[in-house]
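In what follows, a structure is listed as structure tokens, so that the remarks can point back to it.
Just so it is clear, the structure is predicted and the values come from calculations on it, not from any experiment. Start at 1 and go down the list; that is how both ligands and their atoms are numbered. Excluded from the calculations below are hydrogen atoms, water molecules and symmetry mates; all remaining heavy atoms, backbone and side chain alike, are included.
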Amino acid sequence: MISFIEEGQYFELTNNKITYLMKVEAGFLTHLYFGKKITFSKHLTYPKTVRSFSPYLKEEAWEISLNQLLLEYPTAGSGDFRTPALEVRFKDGSTVTNLQYEKYEILPEAIKSADLPKAFATEKEAAETLVIYLKDDLKQLQVKLYYTIFENNGVLVRFSEITNLSLEELQLEKALSLSLDFPKTDFECLQLHGSWANERQLTREKITSGKKVFSSLRGASSHQQSPFLALVTPATTEFSGNSYSFSFVYSGNHEEFVEQDAFKQLRVGMGIASQQFLWPLKAGESFQTPEVLVNYSDEGLNGMSQNFHHFLREHVISPKFKTQERPILVNNWEATYFNFNEEKILAIVEKAHELGLEMFVLDDGWFGKRDDDHTSLGDWYLDKHKLPNGLEKIASDLKEKGMGFGLWFEPEMISEKSDLYQKHPDWILQIPGRNKSLSRHQMVLDFSRREVWENIYEQMATILRQVPISYVKWDFNRHLTEVYSEGLAANEQGTVFHRYILGLYGFLQRLNEEFPELLIEGCSGGGGRFDCGMLYYTPQIWTSDNTDGVCRLFIQTGTSLVFPPNTMGSHISAVPNHQVGRSTSLEFRKNVAMAGVFGYELDLGKMSLEEQAEVKEQVAFYKAHRKLLQFGNFYRLKSPFSGNECAWLFVDEEKNTGLVFYFRILATPEDPVETLKIPYLTEDASYMVNGEVYSASELAEVGLFIPPLGGDFATVSFELKKI
Ligand code: GLA
């Protein structure tokens, strides 16, 4: 998959889908090509165009200017006036780095790390890694660029490692994981942004001259900006066209940008946000950046998502959960909020069992004196006042019924009103003497300090060791402010944001090691930390606190750009909806929720008997189709971001069975007849669709005519069976 071509000094990474080409040019590592697999003729060169106002490094090489070279890991200060990947401040105060190619290594594997989530190779899809060494001789600074390519995959992985080989300390002011230059191409940019309850909204815009930066400085990947970016050609649709897309395997501050230079070349960058980042590197020390997934597809946005979905399932999500079916759960949050007791909980369990559900999740409010959100975070021991017979009573009740038990934690947080805060007021992120900003009445524990997260770990593990808990919902309900650690020296304070995330990953890693059977659902006020880094430790994530069916069409469509449906927690909740007040039918909410990891978030006992009967049917239907819905391939047939409709298709790997959920958001007078084309089936086959036989070509080319649907928020589903 990886080769170095001595003559011409080329690096070629290729598998059956993609090719990535680089060339050493006048000592610089330059970029030549990334995209669809090609046959490389081994003499490609990007022209050296001499331009005015282009500094050159040497009189004898006056035609080589960093001003216009396509570079793999650019630095500023010697003629490249675009955005650098690396910024270093040396002891003498200078900030110019000149990275020259030194050597390379090819490793027959993906890189492992104890500290950061890393995509791994599998027996089915092996990996090779190219490590390219660059060096600034004067300052004895080494940069290693890592490129891991996997068999059969449109996704490759990049990151960098910076090592101080000198005897003097330096300051790392910025170290991106990826920089990628493109020759002039007419691209549009796709990004996912939003807010609480409105995550991953899709925006597509033209790229013009200048730079557009996206970022989160919240200490989390955030609801506000997903660590994702894609470049697509203007003709790219869901079904055809080219895309280059990037997803960061990281859960903290991030920045990504696209920059069009004066010559219409493009530079894309992605990495830890440089704002509030300052990492001192002592002599001999290294800094490793998190990974970026770099994805090329020529099969439209569905092709892009297929690549990501496949890659995440095969190389990022814990193999333990790759094929393990996820239980249908009921969560008591929207049913009771903080107001519950044993009787209420056992009644919910009873009803859930009667209707065929498989797990009960006890959400916030079971610990300390947590009757509202002002107290007790940090005190992870049972509130006997609410549950006098302990978690054990609920556990034994569930066990008797053959159901699983899930429990909510928010390990990174602390309430002022807590025993932990009385004992350790210095354990929070805070600047001595300065006001401490609150959010949801809580503060953030300093997870950059090991003794802090280890204390919480022990509290949490004590419960998990005593009570048979098979699922944990890991929440994170505020962002970081006054970021400063009392465990670090003044000159190390610029490392706290990243060390915090390393602490979080360390905690999750240990949890997974001690409790390998435990299914952890990530959560951050809904989907505020829905990223590939969290996914490495938590195979599913609560997609949004917004459970309204219509809003979820958008949120789940946006999320599906990168993430497969079986990573998206998705529940039916009560109407009128608690977040937006809208009422939609149970059928509508079901079709939306089944397109994720299905569950309920309401008091089942308060539903009418007819509704309960419907729930029983839904549960039975989901169980019968769970394999398809959780492990099948997922395609967007219509996007709500482009109009009034949304349609999602699930097809199993062999294309024997399929399920389509179609939604029409608002009714209009004299509705047009809508057509739903269904590609992605076996070409020459015929399919039974809701009792009628159609050929695959009919379904793909003519499509299904959607029957008249009355009223707003209408839905219909289609079951496909190959005959
Ligand atoms: C967050 C989560 C919710 C719920 C509450 C509990 O908002 O996203 O699902 O768990 O916390 O406080």
For this session: Kindly check if the number of other-residue, nucleotide or ligand heavy atoms within 6.0 Å of NZ (K423) is above 12?
Result: no
Problem set entry | Which segment of K473 sits under 4.0 Å of ligand 1 when only heavy atoms are counted | side chain
For this session: Note the single closest protein heavy atom to atom 12 (O) of ligand 1, along with its residue, its atom name and the distance in Å.
Result: D364 OD2, 2.6 Å
Exercise. Which bit of R440 gets closer than 4.0 Å to ligand 1, counting heavy atoms only: side chain, backbone, both or neither?
Worked result: side chain
Problem set entry | N/O separation below 3.5 Å, G526 to ligand 1 | yes
Exercise. What protein heavy atom sits nearest atom 11 (O) of ligand 1, and how far off is it?
Worked result: D475 OD2, 2.9 Å
For this session: Would you mind listing which atoms of ligand 1 come within a distance below 4.0 Å of any non-hydrogen atom of C523?
Result: 2 (C), 8 (O)
For this session: Indicate yes or no: does an N/O atom of W333 lie under 3.5 Å from an N/O atom of ligand 1?
Result: no
Problem set entry | Single hit among F338, W366, Y600 for ring-ring contact (aromatic ring centres under 6.0 Å, His included) with W333 | F338
Exercise. N/O to N/O below 3.5 Å, does that happen between N477 and ligand 1?
Worked result: yes
For this session: Return the option from T547, N331, D363 holding the heavy atom at the smallest distance from atom 10 (O) of ligand 1.
Result: D363
Exercise. Under 6.0 Å between the ring centres of W648 and Y635?
Worked result: no
For this session: Test E410 against W474 for side-chain contact (heavy atoms from CB on, under 4.5 Å), laying out the working first.
Result: CA-CA 6 Å; E410 197 180 354; W474 178 299; over 6 Å; no
Exercise. Centroid-to-centroid, F497 to H254, below 6.0 Å?
Worked result: no
Exercise. When you look at CZ of R465, are more than 12 heavy atoms from neighbouring residues, nucleotides or ligands closer to it than 6.0 Å?
Worked result: yes
For this session: Could you check atom 8 (O) of ligand 1 against the protein and tell me its nearest heavy-atom contact, residue, atom and distance included?
Result: D545 OD1, 2.4 Å
Exercise. Between F405 and Y471, does the ring centre distance come in under 6.0 Å?
Worked result: no
